[in-house]
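Worksheet: the structure to be examined is printed underneath.
Order of appearance sets the numbers: ligands from 1, and atoms from 1 within every ligand.
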Amino acid sequence: MPNSPKAPPSGGNAVAAKAAARATDSGPAALASGATDDAAVVKALQTNDLVAAMPFNPGKPGEHGFANGVAPQAGSTAEPASRLVTASTLSEETLSEKVGSVALEGRNATIEPLDRVRVDSTGQVLTTNQGVKVADNQNSLKYGVRGPALLEDFILREKLTHFDHERIPERIVHARGSAAHGFFECYEAATDLTKAAPFNEAGKITPVFTRFSTVQGERGSKDTARDVRGFAVKFYTDEGNWDLVGNNIPVFFIQDAMKFPDLVHAVKPEPHHGMPQAGSAHDTFWDFVSLMPESTHMLMWVMSDRALPRSYATMQGFGVHSFRMVNAAGASVFVKFHWTPKAGTHSLVWDEAVKISGADPDYHRRDLWERIESGAFPEYELGVQVFTEEQADQFSFDILDATKLVPEELVPVRPLGRMVLNRNPDNFFAETEQVAFCTAHVIPGIDFSNDPLLAGRIHSYVDTQITRLGGPNFHEIPINAPIAPVHNNQRDGLHRQAIPRGRVSYEPNSLAGGCPFQAGATQGFVSVAASISNREEQGKVRAKPEKFADHYTQATLFFASQSPAEQDHIANAFRFELSKVTVPAIRERTVAMLRNASEALAQKVATGLGMEVLPAPLPLAATSVAAAEVALSSALSLLHRPGDEPLKGRKVAILVAPGVDGDFVMQAQEELFARGVVPRMVGSRIGPVRSATGEVLQADASLENEPGFLFDALVLPGGQEAVEALARDGNTAQCIRDQFRHCKPILVHGAASELLVLAGVPFVGDQGAGSDDLGVVLAEDGQAPAAIAAFLAAMEKHRHFARETDPPQA
Ligand code: HEM
């Protein structure tokens, strides 16, 4: 505790003390004289007491040695006699509408809930940014109504200047994205694994903000590109922000951050002509990856349907790298993070994705927004694969290699909790665009592995955000600010929001009683004292571990673990992408690479490319490869996770025209809606449609503005007159053909079966259409309830690939 103020001096000494206490350049020679009824003198005395209470830095000895390194001590502090001592100014009690009051003790107001920055203009007058009411927002200031515009028009100039600077640089990768707020709920305390705040108590709720993205395309590019999806979650924990910045694919193209700029340069639009937008089907990408055989495993994933998710709500997420979890005792294990969607894993097919990208480039953004607005909240379970360093040493692959996964058959996923996305942002720019994720944002209980790709990421994100968000203070942008207290000695820089009280911005200090002080091991983040394995030769080196050289075992595993339809789609995707490559030698090198992963796949792709002779397989980098633990992993197939609520948020088109069977339409609509499906009536045009029995139905979408491929399933209601009307609209047959070709469920009622014939859909009528396995449900008049039930069951299967042909028959 500091000493009490000195006894009051007297006479001229008191005046001298007052005078001295008012100087900012030369303090009092001695503190014995002063006047305790004078705030400046009291401050000087109390400041001296505070400093004297910390006569030396007791932490110094504890800064040395390994043991102290793994358990840092807390900083020492002394309590000031009054708040006056640490104030910036004696005048801080001078209040006004602008300055407000004295800073609340220990409080950083820049991290208050987002309410502090939300703006609602209901009933408000338009103003300039300076708060001046704008009388006329229609005309610039001119000399006379036809006269020249005047330079003094500060209102116009402020408006234009702000407009001119509305854009900021887009993210170098993952520029196109959509995001939502939500929460993470812990199932059971996982304190055996980690002391990380979100996992330390059953039922604990942690706010999150989650951004999904594509990687290759620019900010305005289409959502349904064939691409990896970003899956980045910011946990606003009570111990600080933790960002789990993952993808929807558990592996990556490269093994070392040194290659990331090369990869991105290769896949982005080619620099000479800026094409193609949001697509990997071009020379530079395939040139690069076919020279980087470690990319083979990832290529299998991006050529699979994983790269064409139906919705952000129906894709998995992965942390990709091995991370560590650390418990309160300091014991650490390795973990791989998995997000599993409650709606199951479901994807688009290529032809559908291509068409959607034209009709609705915002397909995933819209889907996420609409799901949340309608209460069909996207939900994901977070789990971890847990393994020790000793186990990892025995694996046939290296857990520091981001091109490898840990098969779930080898290490099962342990569920930790669930994330629910239940609130759309108020403003896309302020939240989704300005959010800044970073793999370096970890909290006590979470730590890194030595994955060399992860090491580069720990550097890269903040570095790029300094440019993208205009300086080093982007952590103060409301969406980025944590809910945990923030107190440090970082100061200044562009766009600084915080107004720190006091004059101390360094540590150690005694002038602020040592505050903010070092937290020490009991509260603060301490890195796991992982020692460098002494199995390897030591020394500075640029090289990879031996196991990194096995480029194909897991590519083989992934391909072998897919269903026949998924395997076909992979082959077709390679065929498509490589057919877009203009240099035959690049195609050949890629096929040569594929031969090392799957002869069958390589052969199929070669045939598809008209390659008559298979090129020799690429030489192997590995001299020996350890036997893989698993040869098949069913968890790698999308079919493995149909989901608990696969229908929620799905969209169904019910085609209507005058004379439609209104009872059937209403019945179908009700049953679908009750299951969480969004059924929409689609006509040749929007507006009222009178049914056969005279009810007025409202078509809220048309075959023109919502083409059939935007829907997950199709209902063709009966009613002879309606069927004839729909048959006269060429869009009807196109819609049915797309639904059929994309293997989506179709419910055909009564006379509507004529429309199938019109559409030229194959094997309807002659090869047993109506079989539920094919997902075409035929219903006679009067069979509505059973038919709708069969249709819902068909929808639960999502797609009916048994009817898929290559090339398509319709
Ligand atoms: C060395 C390798 C990598 C580097 C250097 C790197 C770098 C970057 C950069 C600079 C951004 C833009 C950030 C911004 O402007 O805010 C970004 C975004 C992103 N990266 Fe990486 N990245 C790498 C690998 C990965 C991997 C392996 C993953 C997945 C596990 C990943 C996931 C993401 C995601 C999800 C985003 C978007 C974050 C958001 O939604 O704002 N990156 N990356």
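Atom 28 (C) of ligand 1 has its nearest heavy-atom neighbour, among R229, M298, R457, E170, in R457. Of all the listed residues (F253, F474, F252), F252 holds the heavy atom that lies closest to atom 27 (C) of ligand 1.
Look at E170 and R176 and you find no salt bridge, because none of the NZ, NE, NH1 or NH2 atoms lies under 4.0 Å from a carboxylate O. In summary, K342 and E381 do not engage in a salt bridge, as defined by a charged side-chain N under 4.0 Å from a carboxylate O. A salt bridge links R310 with D367: the closest approach of a Lys/Arg side-chain nitrogen to an acidic carboxylate oxygen falls below 4.0 angstrom. Using a cutoff of 4.0 Å between basic side-chain nitrogens and carboxylate oxygens, R423 and D426 are scored as salt-bridged. Taking a cutoff of 4.0 Å between a charged side-chain nitrogen and a carboxylate oxygen, R641 and E408 qualify as a salt bridge. The residues R366 and D360 are annotated as salt-bridged, a charged nitrogen and a carboxylate oxygen being separated by less than 4.0 angstrom.
Other residues, nucleotides and ligands place no more than 12 heavy atoms under 6.0 Å from the NE2 atom of H162.
If you check which protein heavy atom lies closest to atom 19 (C) of ligand 1, you get H174 CD2, 3.1 Å. The protein heavy atom nearest to atom 20 (N) of ligand 1 is Y461 OH, 2.7 Å. Looking from atom 7 (C) of ligand 1 to the surrounding protein, the closest heavy atom is F260 CE2, 3.5 Å. If you check which protein heavy atom lies closest to atom 15 (O) of ligand 1, you get R468 NE, 2.8 Å. Looking only at heavy atoms of the protein, atom 35 (C) of ligand 1 is closest to G246 O, 3.2 Å. The protein heavy-atom contact nearest to atom 39 (C) of ligand 1 is R211 NH1, 3.0 Å. Regarding atom 11 (C) of ligand 1, its nearest protein heavy-atom neighbour is V173 CG2, 3.5 Å. In this structure, atom 41 (O) of ligand 1 lies nearest to the protein heavy atom R171 NE, 2.8 Å.
Taking 4.5 Å as the limit, some side-chain heavy atom of E629 sits within range of a side-chain heavy atom of F395.
Separation of the Y380 and F231 ring centroids falls under the 6.0 Å cut-off.
The T464 neighbourhood of ligand 1 comprises atoms 10 (C), 13 (C), 14 (C), 15 (O), with distances under 4.0 Å to a heavy atom of that residue. Interface atoms of ligand 1 facing V245, defined by a heavy-atom separation under 4.0 Å, are 29 (C), 30 (C), 33 (C), 34 (C), 35 (C). Close approach of ligand 1 to F437 is summarised as follows: ligand atoms under 4.0 Å from at least one heavy atom of the residue are 38 (C), 39 (C), 40 (O), 41 (O). Remark: ligand 1 atoms within the under-4.0 Å shell around heavy atoms of V320 are 30 (C). For ligand 1 and A257, the ligand atoms under 4.0 Å from any heavy atom of the residue are 1 (C). For ligand 1 and G230, the ligand atoms under 4.0 Å from any heavy atom of the residue are 35 (C). Heavy-atom contacts of I172 reach the following atoms of ligand 1: 10 (C) (cutoff under 4.0 Å).
At least one N or O atom of Q465, backbone or side chain, sits closer than 3.5 Å to an N or O atom of ligand 1.
To the nearest 0.5 Å, atom OG1 of residue T439 and atom OH of residue Y461 are 5.5 Å apart.
Considering D227, T224, V173 in turn, D227 is the only one that fulfils the side chain to side chain contact (heavy atoms under 4.5 Å, CB included) rule with T214.
Under a 4.0 Å heavy-atom criterion, A402 is not in contact with ligand 1. S460 counts as a contact of ligand 1, since one of its heavy atoms falls under 4.0 Å from the ligand.
Residue contacts with ligand 1 for L453 involve both N, CA, C or O and side-chain atoms from C-beta outward (heavy atoms, distance under 4.0 Å).
Q316 and H338 share no side-chain donor-acceptor pair at under 3.5 Å.
Cation-pi geometry between K336 and F318 is not satisfied (NZ or CZ under 6.0 Å from the ring centre, within 45° of the ring normal).
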